[in-house]
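In this chain, numbering begins with 1 at the start of the sequence shown.
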Amino acid sequence: MERSHRMTGHVGRVKNPEDIAIIGAGIGGLCTAARLAKAGHKVTIFEASNRTGGKCRTEWIGRYAFDTGPSLLTLPAVYRDFFQRTGDVMGRVLEIEEVNPSFDYRFHDGKSVKFANLSRKKTLASIEQSLGLEAASEWDQVMVQAEAMWDVSRTPFIESELKSPLSLLKRPRLLKDLKTISPWKSLRGLGITNPYLAKIMDRYATYSGSDPRVAPAVLSTIAFVEEAFGAWHIKGGVGTLSEKITERCEKLGVDIRLNSYVEEITLSGGKVTGVVVNGNRESFDRVVANADAQFVYEKLLAPTNKVVKIRKQLAKQEPSLAGFSLLLGLKPSDAAPLEHHTILFPENYDHEFESIFTTKTPVERPTIYICAPRDPLMVKDVGHEAWFVLVNAPRHSKTGDGFDWSDEVFARRYANTIIDQIEASGIPIRDRLEVLEIRTPLDLQTSVNAPGGSIYGTSSNGARSAFARAKNRSPIKGLYLVGGSAHPGGGLPLVGLSAEMVANAILEKQPS
């Protein structure tokens with residue numbers, strides 16, 4: 001089931017081309033750049049590292065390739081639209097294949113359930129077989145409610161700029177929509193009684209780096225979106241997406257400057273005038289920041305009254321959780337291969353969120369996510385496998401609001417406990433290990449300048465979280481924000497929509 005992507009973009013050429021700087025070559029910055037260049041603007045991207053793509057990367061280590069950022073694509077229509085509007089067809093540029101089953105959920109007591117891709121009927125049959133008819137009926141009811149939430153929230157919240165709560169108050173269906181979305185209700189407030197299904201639903205809070213005990217119930221729409229639009233793998237690795245978007249930018253004349261660190265966004269009279277890059281001042285008509293919003297306002301802008309006000313607002317937000325990951329290169333085995341996505345749940349899921357959000361300590365027995373793509377393009381030898389293993393973790397900090405991940409000895413010891421738990425679940429890997437790489441939240445902070453290694457910037461903890469994210473249009477004239485820490489949030493689909501919103505916001509003032 002594939003629904004059309006509703007947002008519309010500007011397709012003509014602008015009459016008055018502008019010089020536009022984009023800070024950061026993550027997916028959001030690249031997609032914004034391509035759309036603006038297609039419209040006729042002169043676009044320059046400044047990227048501090050030596051590569052494009054941000055967190056979206058497929059990394060080769062020896063004979064193995066790993067998706068070290070996003071490991072699946074949902075809502076592919078967002079990127080079909082992007083390629084079409086910037087001059088190509090996605091099917092000619094990259095190949096996607098459905099992941100079926102989409103997830104294999106395994107529990108501490110040996111029970112398991114597989115969710116089918118693009119089929120609620122098959123998923124419900126799987127739930128009934130594993131957990132009983134009552135459980136299947138409960139999941140069906142929750143998905144009906146999630147679909148209603150998606151239909152209500154899609155246009156005003158997800159596919160539109162969220163300029164202010166006042167704009168939503170003018171909606172004629174406001175009261176009915178509020179009743180459907182139930183912003184006062186948490187994900188736990190959905191009241192799922194089956195303990196196995198409750199764990200599965202809790203996991204959708206972590207998709208946005210959040211705590212299901214306080215994250216809004218509307219996050220259940222992620223489960224519906226996965227079911228309705230599918231879970232997809234990009235052949236060669238999800239990082240192929242960033243490579244092909246980079247190529248789009250280059251073909252459209254975008255100037256991509258790597259190893260170019262932006263030190264300051266310059267202002268005059270409350271308006272953007274340019275940037276300081278590697279010590280050099282360069283003039284631009286507009287600036288788009290594809291960097292963590294808090295970093296932009298704290299480090300790149302002088303403390304004007306407007307900037308100080310936004311700093312205070314952003315400081316109130318709770319950072320998202322981080323991730324501790326293992327890259328495992330495995331030799332061939334006679335054991336049955338894992339599904340593309342396998343999740344191993346612990347007995348007590350609450351301990352995970354207590355550790356991350358309250359005590360700020362690594363989770364002793366975390367939920368373990370294993371991505372084991374059966375993609376021959378991601379290994380150089382037949383029969384070998386490249387697994388990406390991820391567990392949720394507190395962000396890196398040396399000041400008490402996180403955990404200090406700089407101790408390499410501890411990181412190795414913790415990695416071994418994760419491997420022990422995988423083995424204890426009946427998945428043998430130690431005798432197959434050929435490559436073992438460890439990535440901590442500190443590594444993520446260092447590699448992509450994500451403060452604390454928070455994967456999604458800020459969490460969605462609380463009913464006001466959607467309004468607390470950085471707006472796409474800054475109050476500072478000529479400055480825009482795109483990417484996971486800005487509206488509408490993190491993850492490939494939302495970042496792609498964020499880029500479309502920013503491009504449209506700039507182009508609407510430049511009629512073709």
Side-chain angles (χ1 to χ4, degrees), residues 3 5-9 24 26-32 35 54-56 70 73-79 81-82 146 149-168 171 177 180-181 183 187 204-210 215-226 228-229 288-294 296 310 313-314 317-320 454-474 480-506 508:
R3 296 184 184 179
H5 174 49
R6 292 180 188 167
M7 284 184 68
T8 58
I27 293 292
L30 291 168
C31 287
T32 306
R35 287 177 178 274
K55 297 186 187 81
C56 182
L73 175 66
T74 53
L75 282 175
V78 171
Y79 289 95
D81 179 80
F82 164 79
M149 286 183 177
W150 170 252
D151 286 340
V152 167
S153 63
R154 178 176 183 168
T155 300
F157 285 95
I158 298 168
E159 294 185 338
S160 304
E161 278 188 80
L162 198 56
K163 296 176 183 177
S164 76
L166 292 176
S167 62
L168 296 174
R171 288 170 56 80
D177 288 353
T180 301
I181 295 175
L187 204 58
Y204 287 104
T206 68
Y207 273 43
S208 63
S210 308
V218 73
L219 290 181
S220 62
T221 58
I222 303 172
F224 167 73
V225 166
E226 277 186 352
F229 303 101
V288 177
N290 179 207
D292 181 83
Q294 204 155 11
V296 172
I310 297 170
Q313 291 170 350
L314 294 177
Q317 291 184 264
E318 186 169 9
S320 85
S454 292
I455 301 174
Y456 306 97
T458 57
S459 70
S460 294
N461 291 340
R464 295 170 59 88
S465 57
F467 299 101
R469 282 191 178 275
K471 303 290 187 291
N472 300 118
R473 300 184 206 224
S474 168
Y480 304 80
L481 279 85
V482 70
S485 67
H487 178 72
L492 285 176
L494 297 188
V495 167
L497 290 172
S498 180
E500 187 171 0
M501 290 174 200
V502 170
N504 286 349
I506 292 171
E508 74 178 13

Atom pair [atom1]/[atom2] of [X] and [Y] - distance to nearest 0.5 Å:
{"X": "Phe82", "Y": "Thr32", "atom1": "CZ", "atom2": "OG1", "answer": "9.0 Å"}
{"X": "Tyr204", "Y": "Ile222", "atom1": "OH", "atom2": "CD1", "answer": "8.5 Å"}
{"X": "Ser474", "Y": "Ile310", "atom1": "OG", "atom2": "CD1", "answer": "4.5 Å"}
{"X": "Leu30", "Y": "Arg35", "atom1": "CG", "atom2": "CZ", "answer": "12.5 Å"}
{"X": "Leu314", "Y": "Gln294", "atom1": "CG", "atom2": "CD", "answer": "6.0 Å"}

When you measure from the side chain of [X] to the backbone of [Y], do you find a donor-acceptor pair of N or O atoms at a distance under 3.5 Å?
{"X": "Ser498", "Y": "Leu494", "result": "no"}
{"X": "Ser485", "Y": "Ala293", "result": "yes"}
{"X": "Tyr79", "Y": "Leu492", "result": "yes"}
{"X": "Asn472", "Y": "Ala486", "result": "no"}

Show the nearest heavy-atom pair for residues [X] and [Y], with the distance to one decimal.
{"X": "Leu187", "Y": "Ser220", "value": "CD1-N, 3.6 Å"}
{"X": "Ala289", "Y": "Val296", "value": "CB-CG2, 3.7 Å"}
{"X": "Ile506", "Y": "Val288", "value": "CD1-CG2, 3.9 Å"}
{"X": "Thr221", "Y": "Met149", "value": "CG2-CB, 3.5 Å"}
{"X": "Gly28", "Y": "Ala499", "value": "O-CB, 3.5 Å"}
{"X": "Pro70", "Y": "Lys55", "value": "CD-O, 3.5 Å"}

>> Could you check whether any side-chain heavy atom of Phe229 comes within less than 4.5 Å of a side-chain heavy atom of Thr74, counting everything from C-beta outward?
In response: no
> Taking the six-membered ring for Trp, are Trp150 and Phe224 parallel (under 30°), tilted (30 to 60°) or perpendicular (over 60°)?
Replying inline: tilted
